[in-house]
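Here's the structure, in C-alpha cells; my notes come after.
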Amino acid sequence: MMLRLPIAATSVADWMRRAAMAVNNLMTNVEQQSSQMESRYHCPIPVSDNAPDNPEKGQWFFNKTSQKAMMWDGTQWQNLWE
C-alpha cells in the first residue's frame, strides 16, 4: 500500500485537494488494511463510528460512517478532506 501525493499542482489549494483525494483513496478500505498497516508501519489507525473521548490536539481516527479521516484541532474534529 502506498500513498502517492501529487508532485505538481496549479495552486496550494489544488495540491491540498489532490493530496486529500490521495488520502481518501488510501483510507477507503482502511478497515481491511489497518492491521497490515499497523504491523508494517507501526502506525495503528483507530477506526470507529464515533470520535474518541477526551482527544488530544493532533489526534486522528478514521470515521467508518463518513469514510473520512478526522483530526482534533484542539477545539473540534475536522475532516481531513471535504
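Remember, predicted model here, so these are calculated numbers, not experimental data.
Here CD of Gln67 is found 12.0 Å from CG of Asn79. Values are rounded to the nearest 0.5 Å. Once rounded to the nearest 0.5 Å, the distance linking CD of Gln76 with CE of Met71 reads 14.0 Å.
With a 4.5 Å cut-off on side-chain heavy atoms, Trp72 and Glu56 do not count as touching. For the pair Trp77/Pro52, a side-chain contact is recorded, criterion being any heavy-atom separation below 4.5 Å from C-beta on.
A distance-only check finds a donor-acceptor pair linking the side chain of Ser11 to the backbone of Asp14 [under 3.5 Å].
Scored by the side chain to side chain contact (heavy atoms under 4.5 Å, CB included) test, Ser66 finds Asn63, Lys68 as partners (sequence neighbours excluded). The side chain to side chain donor-acceptor pair (under 3.5 Å) search around Gln59 returns none, not counting sequence neighbours. Every residue meeting the side chain to side chain contact (heavy atoms under 4.5 Å, CB included) condition with Asp49, not counting sequence neighbours, appears here in chain and number order: Lys64, Thr65.
Closest non-hydrogen pair, Phe61 versus Asn50, comes out as CE1-O, 3.7 Å.
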